[in-house]
2 protein chains.
Amino acid sequence: MNAPALTKNQTLVFEVLEKADGPLSAYTILDKLRDHGFRAPLQVYRALEKLLEYGVVHRLESINAFVACAHPEQNCHSHGIVAFAICESCGHVMEFHDHEVDHRLMDWTRGKKFKAEKTTIEIRGLCEACAA
Amino acid sequence: MNAPALTKNQTLVFEVLEKADGPLSAYTILDKLRDHGFRAPLQVYRALEKLLEYGVVHRLESINAFVACAHPEQNCHSHGIVAFAICESCGHVMEFHDHEVDHRLMDWTRGKKFKAEKTTIEIRGLCEACAA
DNA sequence: TCGCACACGTTATAGCATAACGCAATTGAT
DNA sequence: ATCAATTGCGTTATGCTATAACGTGTGCGA
């Protein structure tokens with residue numbers, strides 16, 4: 001899925017996520033956009049839905065939050081499974097890809113004839129700075 | 001963490017999850033236990049917290065639900081990272097472990113000096129029966 | 001110009017999770 | 001034995017996350 005031009009709301013939501021130094025909840029995004037006319041959660045969720053579809057934003061399932069893709073210029077969906085390391089202290093998120101992991105998981109799904117649609121890999125813990 | 005004897009509430013919650021043929025939300029568990037005196041979500045959440053700690057129940061982050069461990073007799077925490085394949089059609093969950101995946105992720109975290117506490121791997125899609 | 005698709009706005013509601021209080025039972029050290 | 005600490009439990013209230021359902025406006029191709 002390639003990203004067409006973003007609409008006004010989509011652009012606003014994306015910019016908020018890009019400027020943030022960590023993942024944001026939908027309601028936090030809403031609060032940051034009240035000055036721009038946002039009034040209801042659905043305005044955020046609808047924009048997020050598209051941004052996720054376009055692959056420029058990721059959802060962190062384990063913390064119910066959203067983060068801008070680390071390399072939105074490329075199509076993130078083509079990089080295989082995206083994995084995240086989330087620091088529970090400072091909130092920073094590192095995004096990475098590991099083809100060997102993808103391969104192992106695909107081997108498993110193939111063996112089970114399981115049709116994978118979306119795979120989540122999230123490592124929660126402490127980043128180097130916070131663990132010190 | 002080894003499991004001590006379960007309390008009454010913990011036992012009730014665990015039995016509900018064991019008998020279920022798929023993951024259950026906390027509120028679904030609550031409804032199933034109203035006849036046994038459960039009245040409030042906290043009763044469920046508190047039991048779940050312990051069961052998760054003991055490793056006999058898993059939380060599925062991507063669907064906000066809970067499932068009994070596939071092999072509660074052993075200590076699941078000692079098996080490395082637990083991965084799940086969740087059928088979005090029939091709701092069935094398959095639990096598995098892949099040491100090579102663990103190894104790759106541990107390599108990554110070691111390289112980044114990231115101290116992993118809890119890792120989530122969840123594959124959503126269609127099981128063999130539902131994909132047909 | 002009609003119909004369709006899509007983005008948007010609004011209100012209401014559903015679903016998930018925890019804070020804060022107090023009580024009862026258990027345990028274990030003195 | 002008794003006191004203090006811990007743990008489980010029950011209840012009320014609240015907060016956070018997400019979506020249903022309705023209607024409006026706009027652009028665009030048949």
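In what follows, chains carry the letters A, B, and so on, assigned in the order in which the sequence lines appear, proteins first and then strands, with residues in each chain numbered from 1.
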Open item on the list: Between C:dA14 and B:Tyr27, counting only base atoms on the nucleotide and side-chain atoms on the residue, is there a donor-acceptor pair under 3.5 Å?
Closed with: no

TODO: On DNA chain D, check which nucleotide each of A:Leu42 and A:Thr28 is closest to and give me the residue with the more 5' one.
DONE: A:Thr28

Task: d(CZ, B:Phe66; P, C:dA17) in whole Å - done: 5 Å

Open item on the list: Take a 6.0 Å sphere around NZ of B:Lys112 and say whether it holds more than 12 heavy atoms from other residues, nucleotides or ligands.
Closed with: no

TODO: Take A:Thr120 and B:Arg124 through the side-chain hydrogen bond (donor to acceptor under 3.5 Å, both in side chains) test and state the conclusion after the steps.
DONE: CA-CA 8 Å; A:Thr120 297; B:Arg124 293 188 300 301; 3.3 Å; yes

Task: Most 5' of B:Gln10 and A:Ala65 on DNA chain D, judged by nearest nucleotide - done: B:Gln10

Task: Protein-nucleotide distance (B:Ile63, atom CD1; C:dG15, atom P), rounded to Å - done: 15 Å

Open item on the list: Closer than 4.0 angstrom, basic N to acidic O: yes or no for A:Arg34 and A:Asp31?
Closed with: yes

- [ ] Send over the distance from A:Leu6 CG to C:dC6 C1', rounded to a whole Å.
- [x] 15 Å

- [ ] Could you tell me the separation between the NE2 atom of B:His36 and the C1' atom of D:dG10, rounded to a whole number of Å?
- [x] 18 Å

- [ ] Give the ring-plane orientation class for B:Trp108 versus A:Phe96, where under 30° counts as parallel, over 60° as perpendicular and anything between as tilted.
- [x] parallel

Task: Nucleotide nearest A:Ser25 (side chain, heavy atoms from C-beta), chosen from C:dA7, D:dT17, C:dC8 - done: D:dT17

TODO: Tell me what B:Arg46 touches on the nucleic acid: a base, only sugar-phosphate, or nothing, going by heavy atoms under 4.0 Å.
DONE: base

- [ ] Ignoring backbone atoms, test whether B:Gln43 places a side-chain nitrogen or oxygen under 4.0 Å from the OP1 or OP2 oxygen of D:dC9.
- [x] no

Open item on the list: Would you say A:Thr7 places a side-chain N or O within less than 4.0 Å of OP1 or OP2 belonging to C:dC8?
Closed with: yes

- [ ] In whole angstrom, give the distance that lies between atom CG of B:Asn64 and atom P of C:dC16.
- [x] 6 Å

TODO: Using a strict 4.0 Å threshold on nitrogen-to-oxygen distance, state whether A:Glu53 and A:Lys50 make a salt bridge.
DONE: yes

Task: Between D:dT19 (P) and A:Leu48 (CG): distance, integer Å - done: 10 Å

Task: Position toward the 5' end of DNA chain C (nearest nucleotide), A:Lys50 or B:Ala26 - done: A:Lys50

TODO: Round to a whole Å and report the spacing from CZ of B:Arg34 to P of D:dG10.
DONE: 13 Å

- [ ] Quickly work out the B:Tyr45 OH to D:dC9 C1' distance and round it to whole Å.
- [x] 18 Å

